[in-house]
Amino acid sequence: MSSHAHAHPVVHAPTGFISKYIFSVDHKVIGIQYFLLALTSVVIGIILSLLMRFHLVWPGAHLPFVNGGIMTPEQYAALVTMHGTIMVFFVLTTAPQGGFGNYFLPIQIGAADMAFPRLNMLSFWVTFLAFVCIVAAFFVPGGAPISGWTGYTPLSGLGDVTGPGEGWGQTMWILSISLFCLASLLGALNFIATTIDLRAPGMSLFRMPLTCWGWFVTAILGLLAFGVLLAGGILLLLDRSAGTSFFIPAGVVVSDQVQNHSGGSPLLWQHLFWFFGHPEVYIAILPGMGVASHVLSTFSRKPVFGYRAMAYAICGIGFLGFMVWGHHMFLSGMSPYSGFAFSVMTMAIGVPSAIKTFNWLGTLWGGKIQFKSPMLFAIGFVSLFVSGGLSGLFLAQPAVDNLLHATYYVVAHFHLVMGVAAIFGIFAATYFWFPKMFGRMMNEPLGKLHFWFTFVGAYCIFMPMHFLGIAGGIRRYADSTGVQYLPPLQPLHYFMTIAAFITGAAQLLFIINFFWSLKRGPRASINPWNATTLEWITASPPPHDNFGGNYPSVYRGPYEYSVPGASEDFTPQNVPPAEVARAK
Amino acid sequence: MRIRNPNTRRKDSGSAATAAMLALIIVVMVVTTVYIFVSRPVWSVPPPPITSVGVDIDHQYDLTLYVTGTVFILSQLGLAYAIFRFRDRGQKAHFTRGNNTMEVLWTTATIILFLGLGILGHKAWAAVRFTEASPEAIKVEVTTNQFVYNFRYPGADGKFGRLDPKQISASTGNALGIDANDPAGKDDIVVPTLTVPVNREVELLIRSQDVIHNFFVRELRLQQDAVPGLEVPLHFTANTIGDYEIVCTQLCGLGHYRMRSVLHVVSDSDYLKFLKEQAPVQ
């Protein structure tokens, strides 16, 4: 790159409302669009989960908005399906990557926009279309699908003979997921190209903030994983509508009727689904890990402990993440020998995860910890990630899986480690970057209150759930009346439901804080947290081209806090060494 | 010499309260969790296993619990300690970029611990899944459909009759579609619950007619999906007479939550009685 790299012309922002806020090609606007889509989705997802929790405790209660008054088992199964689908795709994938990644990746590497701004806009609008499809599934004849977010065939492959919601609802689900995959593929390409090509002078890969590492590796995972699910979705659609039999074997009989299929394999769908589905877990959590590292370092006033080890661990998790999908299928009828292989690979993924945890503790150790809202959520992230991650070591062993598979233990595990932990990453990111995105500060006391309720609440919901699972509580059951050993376990359900309602209600604190601060929060300065990375050297919010034509050069790593000899306890990446010395 | 103004002091005490509260929450969470795991209230544990492999599985579970429990306690308490100890009291942060020796140390330690655990756990898995049932094992075919189990015994001839999906008719009593033209099927016994003799090896042949279901008995510590198009063998030897619930763990449709059956483990004489009572009239 030539030395003229700095002399970019100032790019003027579009002035029309539609080109500025709706069909915008500005990565910041698109990032906020993704964020708002995720916010809408998470409200829907939480309401669905509260309905489920309510039904598990009071199955006979009359609900005014339910057709017929009392929730039916198929309506419960539809809630299970839609909650999982909306949360995994439209919240955990959309907010950290599409939202914050879109907004901050270009700024943090010193670029004016994503590599392909128009493609970026297309990604968002296709994602939005996918969202419309999934919501529409509630309203089509037969209602929402009942086959879970995993959509196992033949339940999902034969149409409405296998259950209500398996007709139109399942079709809408497949359409939605396929569109989502397409959008995510485009997004992944864009993230990868941006990271590789658009870094500012001096911004070597190992000077990137760990957030960028998270988004970069997540994009690579997305590129390799979403294509496989997209193919799977198309094949499933063909099975349902064109008479093919990719996933359905011969001799399937439903209600005494022989189905006109032969030669397919239900396990093939599971392989395709989980080849996507397991990396998807890391797609949800890697950006959160990046945010946690970023925030922990900032508010400990210390460099990230073992920065390179952290970057390698993200790559390690991403790499191993593609070799463990079979651990979802230990008891599926897959060869038990491959079960053993998948088990060992899965245990191995605990190693980079542990490296990350130890390095987070190392970052806090010896720091000068400031407990701002984003920091509380980042610390919460570490605690929840440890709690949720360790239970994975049980589930990674096929022998132990004989006892725990498909019980609430699994639900507790993945909710803590990829649900709540990832959400804590999103909250940390929101409290941390809100001043930059909207030019105003969020309210600290409300933020702290939100944290206390959510942190305690998350543990109250999901810790008891482990015990329910170990005792044999099976997930996805509409109620506890069908199996005799379940009613004695009901008190656990009561406890969790009450905790869920309190925690759910506490999220209003966040919503209120968010929208109140948007209008009334105190004006944010350029760098309210005294942070070091490039998003904190430009205006809050940044101008259309991010740096007002004044593009930065980078002279050091991203986390230079409390450097001995420097006048301030933070040294931004773009300050030339001579000026640091002068300040001294 | 730094002069503290009142504002700084107020900020410091605020940080002390927040740090103390957060550390306390984490400690309480750890203590409660550990207490429940140690005191084992009835709603937090499965019933005792009724197979020797089940005992091995529980042993591996316990071993995993000790390892993960130790890591859980140390890292959560370490986190709580660090939060409180290193709260902002106006001190200077200790500048460090990391420590390679420690990276190597904890990477090696976790590799040994986690992979070791995984390889040890392989024993209890191999005992059931890498071995075949002995030829003398009692064979029972398990067939699932929405939302029932059917168990088929081969009858006196020791042979299962051929199945023909076209002849399946739940209403006329031929739920499995046993081919009327196959003499081997004439004495097949089809029942909705599973009866097996105690201390005898049983081999289940698990299959499904429609969607994926599952066969799970907590006391056997065994779980297996029933997949259309596959016949998955699963063997066990139950050592305690009693009734145990069989449940479905794979989402199979609206009746998933009530798809259940019972495993009766009975004495040899009761088993013979069962076979005699169920034998079709010739």
Side-chain angles (χ1 to χ4, degrees), chain A residues 73-74 148 152 154-155 162-163 249 251-254 256 258 266 301-303 305-306 309 331-333 336 340 343-344 347 350-351 354-355 358 361 364-371 386 390 393-394 397-400 402-403 405-406 459 467 471-472 474 476-478 482-483 485 489 562 564, chain B residues 15 18 26 29 33 43-44 46 57 60-61 64 68 72 75 78-79 82 86-88 91 93-95 97-98 103 106-107 110-111 114-115 118 121-122 124-125 129-130 165-166 168-170 209-212 218 221-225 227-230 232 245 247 249 251 253-254 257-258 260:
Chain A
E74 57 268 32
Y152 275 15
L155 182 57
T162 56
V252 169
V253 178
V254 185
D256 293 354
V258 182
R301 314 309 292 166
K302 272 187 69 201
F305 194 90
L331 310 172
S332 66
F340 173 62
S343 165
V344 173
M347 297 301 267
V351 175
I355 291 173
F358 291 134
L361 289 177
L364 290 166
W365 210 267
K368 180 191 181 192
I369 303 175
Q370 300 164 347
F371 296 96
V386 170
L390 284 170
L393 291 173
F394 291 82
Q397 301 177 50
V400 182
N402 272 310
L403 179 63
H405 175 74
Y459 270 124
F467 299 112
I474 310 295
R476 293 167 159 178
Y477 273 14
V483 172
Y485 73 72
L489 303 176
S562 305
Chain B
S15 121
T18 310
I26 293 175
M29 184 276 293
T33 307
W43 43 263
S44 74
I57 289 175
Q60 179 63 21
Y61 171 90
T64 311
T68 54
F72 173 73
S75 47
L79 180 65
F86 300 109
R87 68 188 187 275
D88 182 0
Q91 82 276 29
H94 169 67
F95 180 83
R97 293 181 201 280
E103 299 287 350
W106 60 48
T107 306
T110 44
I111 288 175
F114 293 175
L115 288 189
H122 155 75
W125 175 247
R129 306 279 177 158
F130 290 7
K166 287 193 208 70
I168 290 176
S169 168
Q209 283 181 348
D210 45 25
V211 303
I212 301 175
R218 292 182 302 165
R221 302 290 189 271
L222 275 184
Q223 208 176 132
Q224 177 58 53
D225 276 359
V227 186
L230 293 184
V232 185
E245 272 186 296
V247 299
T249 67
L251 182 57
L254 61 91
Y257 72 104
R258 56 179 159 82
R260 76 181 275 276

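Computation of the quantities below employed the complete heavy-atom set of this structure, encompassing side-chain atoms and omitting hydrogens, waters and symmetry-equivalent molecules. Note that the coordinates shown come from a computational prediction; the quantities given were computed from them, not determined experimentally.
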**Request:** Mind telling me whether A/Phe467 and B/Trp43 have parallel, tilted or perpendicular rings, with 30° and 60° as the class edges?
**Result:**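 Perpendicular.
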**Asked** Do the rings of A/Phe394 and B/Tyr61 sit parallel, tilted or perpendicular, given the 30° and 60° boundaries?
**Response**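 A/Phe394 vs B/Tyr61 ring planes: tilted.
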**Request:** Take A/Gln370 and B/Thr18, measure what side-chain contact (heavy atoms from CB on, under 4.5 Å) needs, and give me the verdict at the end.
**Result:** CA-CA 10 Å; A/Gln370 300 164 347; B/Thr18 310; over 6 Å; no
What's the shortest heavy-atom distance between [X] and [Y], and which atoms?
X        : Y        : answer
B/Pro228 : A/Val252 : CB-CG2, 4.0 Å
B/Arg221 : A/Asn402 : O-CB, 3.0 Å
B/His94  : A/Lys302 : O-CE, 3.3 Å

**Message:** Heavy-atom pairs under 4.5 Å with chain A: which of B/Phe72, B/Phe114, B/Trp106 has the most?
**Reply:**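 Heavy-atom pairs under 4.5 Å are most numerous for B/Trp106.
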**Message:** Heavy-atom pairs under 4.5 Å with chain A - which of B/Arg97, B/Arg218, B/Arg129 has more of them than the others?
**Reply:**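 Going by pairs under 4.5 Å, I would pick B/Arg218.
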Residue selection (most heavy-atom pairs with chain B, distance under 4.5 Å) from [options]:
options                                : answer
A/Gly163, A/Gly306, A/Ser343           : A/Gly306
A/Ala406, A/Pro336, A/Pro154           : A/Pro336
A/Leu364, A/Leu393, A/Val344, A/Leu489 : A/Leu393
A/Gly148, A/Ala354, A/Gly366           : A/Gly366
A/Ala309, A/Gly251, A/Pro266, A/Pro398 : A/Pro398

By a 4.5 Å heavy-atom criterion (distance strictly below it), what part of [X] contacts chain A: side chain, backbone, both, or neither?
X        : value
B/Arg260 : side chain
B/Gln209 : both
B/Leu230 : side chain
B/Val227 : side chain

**Item:** B/Thr107/A/Val351 under side-chain contact (heavy atoms from CB on, under 4.5 Å): CA gap, chis, key distance, verdict
**Value:** CA-CA 7 Å; B/Thr107 306; A/Val351 175; 4.0 Å; yes
**Prompt:** Under a 4.5 Å heavy-atom cut-off, does chain B meet the side chain of A/Leu155, its backbone, both or neither?
**Reply:**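 Both parts, backbone and side chain.
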**Prompt:** Considering only heavy atoms, which portion of A/Tyr485 lies under 4.5 Å from any heavy atom of chain B: side chain, backbone, both, or neither?
**Reply:**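 For A/Tyr485, the contact with chain B is made by backbone and side chain together.
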**Asked** If you round to the nearest 0.5 Å, how far is OG1 of A/Thr162 from CG of B/Asp210?
**Response**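 Rounded to the nearest 0.5 Å, the CG-OG1 separation comes out at 8.5 Å.
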**Message:** For the CG atom of B/Leu115 and the CE atom of A/Met347, what is their distance to the nearest 0.5 Å?
**Reply:**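 Reported value, rounded in 0.5 Å steps: 7.5 Å.
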**Request:** Would you check, one step at a time, whether the test side-chain contact (heavy atoms from CB on, under 4.5 Å) holds for A/Phe305 with B/Glu103?
**Result:** CA-CA 10 Å; A/Phe305 194 90; B/Glu103 299 287 350; 3.9 Å; yes
